[in-house]
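Structure first, then comments.
Below, read A as the first sequence line, B as the second, and so on, with proteins coming before strands; counting in each chain starts at 1. These numbers were taken from a predicted model, which means no experiment stands behind them.
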Protein chains: 2
Amino acid sequence: MDAFSAAAEPNRRRILQLLASEPRTVSDIAAEFTVTRSAVSQHLLLLADAGLVTAEKVGRQRIYRVVPDGLRSLQAEIDRFWTDELDLLVADAHAHAHPNRSNP
Amino acid sequence: MDAFSAAAEPNRRRILQLLASEPRTVSDIAAEFTVTRSAVSQHLLLLADAGLVTAEKVGRQRIYRVVPDGLRSLQAEIDRFWTDELDLLVADAHAHAHPNRSNP
DNA sequence: CCAATACGTTAGTCGTCACTAACCTATTCG
DNA sequence: CGAATAGGTTAGTGACGACTAACGTATTGG
């Protein structure tokens with residue numbers, strides 16, 4: 001699974017945001033969710049597989065953190081998707097609300 | 001399915017890009033893929049369900065086009081995901097390759 | 001009018017995702 | 001050492017996504 005699809009799942013989006021604010025253990029993350037620790041663990045493994053997070057073993061815990069390079073790949077993937085033509089259409093949506101064109 | 005997840009699927013990413021460049025019929029789109037027209041049609045229905053595309057019936061064809069407002073929602077969703085903290089980590093990945101910090 | 005065209009629709013398959021419950025392993029603390 | 005803790009692992013389930021093949025329906029051109 002590529003980084004884009006991996007990051008798209010709602011729970012994983014939140015996990016990435018949490019880890020971006022600071023590295024955490026699995027239990028810390030699981031405490032923020034209604035799903036079980038096992039489910040969170042599996043999301044983390046999937047994210048690790050996509051190169052987006054990594055685990056550092058410290059004593060009996062595993063500190064998960066975001067991998068900056070993986071995040072850069074994700075950003076690149078999103079940018080590659082978001083073509084200029086798509087961007088132009090968003091600008092047109094703006095123009096609809098505020099009907100000022102570039103050359104009126 | 002929210003717009004983010006809907007847009008994440010690789011084939012649908014390409015479909016959105018194609019439609020962004022110009023509106024097309026289902027057959028036109030399907031010609032660009034190895035999967036069947038039926039599969040493409042189902043992707044289009046899902047994208048329509050997510051508010052990202054719309055179909056205009058013209059004779060016996062259906063011209064699909066991107067919905068600018070839906071695209072705006074998608075962009076907003078992506079922006080909401082991509083927090084400043086995630087952005088900062090990407091900047092740090094840069095700093096690793098070019099070790100110039102903001103305050104050296 | 002009838003055959004061809006453009007699509008949607010449906011049924012069915014296959015794979016995979018998200019999840020829980022239960023179990024196993026490693027580590028630490030008393 | 002033995003209980004408790006942290007977390008990976010596995011099996012099993014329900015659901016869903018992606019896909020194909022076959023069929024149904026509207027539209028149009030000869």
Side-chain angles (χ1 to χ4, degrees), chain A residues 1-19 22-67 70 74 77 81, chain B residues 1-19 21-67 70 74 77-78 81:
Chain A
M1 188 183 275
D2 65 2
F4 200 142
S5 304
E9 202 277 330
N11 282 336
R12 288 198 287 270
R13 271 185 255 170
R14 269 189 63 204
I15 290 178
L16 284 174
Q17 292 174 334
L18 285 174
L19 292 183
E22 68 172 335
R24 291 159 204 257
T25 67
V26 178
S27 297
D28 282 350
I29 300 168
E32 307 275 343
F33 290 82
T34 61
V35 298
T36 61
R37 180 185 54 76
S38 178
V40 172
S41 180
Q42 290 172 52
H43 278 308
L44 285 167
L45 294 182
L46 196 154
L47 287 171
D49 209 59
L52 290 170
V53 307
T54 194
E56 173 200 2
K57 197 175 168 187
V58 171
R60 60 185 158 185
Q61 23 194 37
R62 294 196 163 230
I63 316 284
Y64 275 90
R65 65 186 73 242
V66 172
V67 176
L74 172 58
E77 229 172 280
F81 159 66
Chain B
M1 186 183 278
D2 65 2
F4 200 142
S5 305
E9 201 278 331
N11 281 336
R12 288 197 287 269
R13 272 184 254 171
R14 271 189 61 204
I15 290 178
L16 285 174
Q17 292 175 332
L18 285 174
L19 292 183
S21 86
E22 65 171 336
R24 291 159 204 257
T25 66
V26 177
S27 298
D28 281 351
I29 300 169
E32 308 275 343
F33 290 83
T34 63
V35 299
T36 62
R37 179 185 54 76
S38 178
V40 171
S41 181
Q42 289 173 52
H43 279 307
L44 285 167
L45 293 182
L46 195 155
L47 287 172
D49 209 59
L52 289 171
V53 307
T54 192
E56 171 202 2
K57 196 174 170 189
V58 172
R60 58 184 159 186
Q61 22 193 37
R62 294 196 164 231
I63 316 284
Y64 275 90
R65 65 187 74 243
V66 173
V67 176
L74 171 58
E77 229 173 280
I78 294 176
F81 159 66

- Item | Test item: side-chain donor near acceptor, A:Gln42 and A:Ser38, under 3.5 Å | yes

Among [options], which nucleotide has an atom closest to any side-chain atom of [X]?
{"X": "B:Ser38", "options": "C:dG8, D:dG8, D:dA22", "result": "D:dA22"}
{"X": "A:Ser41", "options": "D:dC19, D:dG8, D:dG7", "result": "D:dG8"}
{"X": "A:Thr36", "options": "C:dT20, D:dA18, D:dT20", "result": "C:dT20"}

- Item | Donor-acceptor pair under 3.5 Å, A:Gln42 side chain vs C:dC19 base | yes

- Message: I'd like to compare against my own output: the B/S/- annotation of nucleotides 24-30 of chain C with a strict under-4.0 Å heavy-atom distance to protein.
- Response: --SBB--

- Task: Report yes if at least one side-chain N or O of B:Tyr64 is closer than 4.0 Å to OP1 or OP2 of C:dA6; otherwise report no.
- Result: no

Please report the distance, rounded to the nearest Å, between [atom1] in [X] and [atom2] in [N].
{"X": "A:Arg13", "N": "C:dC17", "atom1": "CZ", "atom2": "P", "result": "17 Å"}
{"X": "B:Leu45", "N": "C:dA6", "atom1": "CG", "atom2": "P", "result": "18 Å"}
{"X": "A:Arg37", "N": "D:dG7", "atom1": "CZ", "atom2": "C1'", "result": "5 Å"}

- Checking A:Val67, A:Val66, A:Ile63 against A:Leu19 for side-chain contact (heavy atoms from CB on, under 4.5 Å), the one that qualifies is A:Val66

- Query: Checking all strands, does A:Phe33 fall into the base, sugar-phosphate, or nothing category for heavy-atom contacts under 4.0 angstrom?
  - Reply: nothing

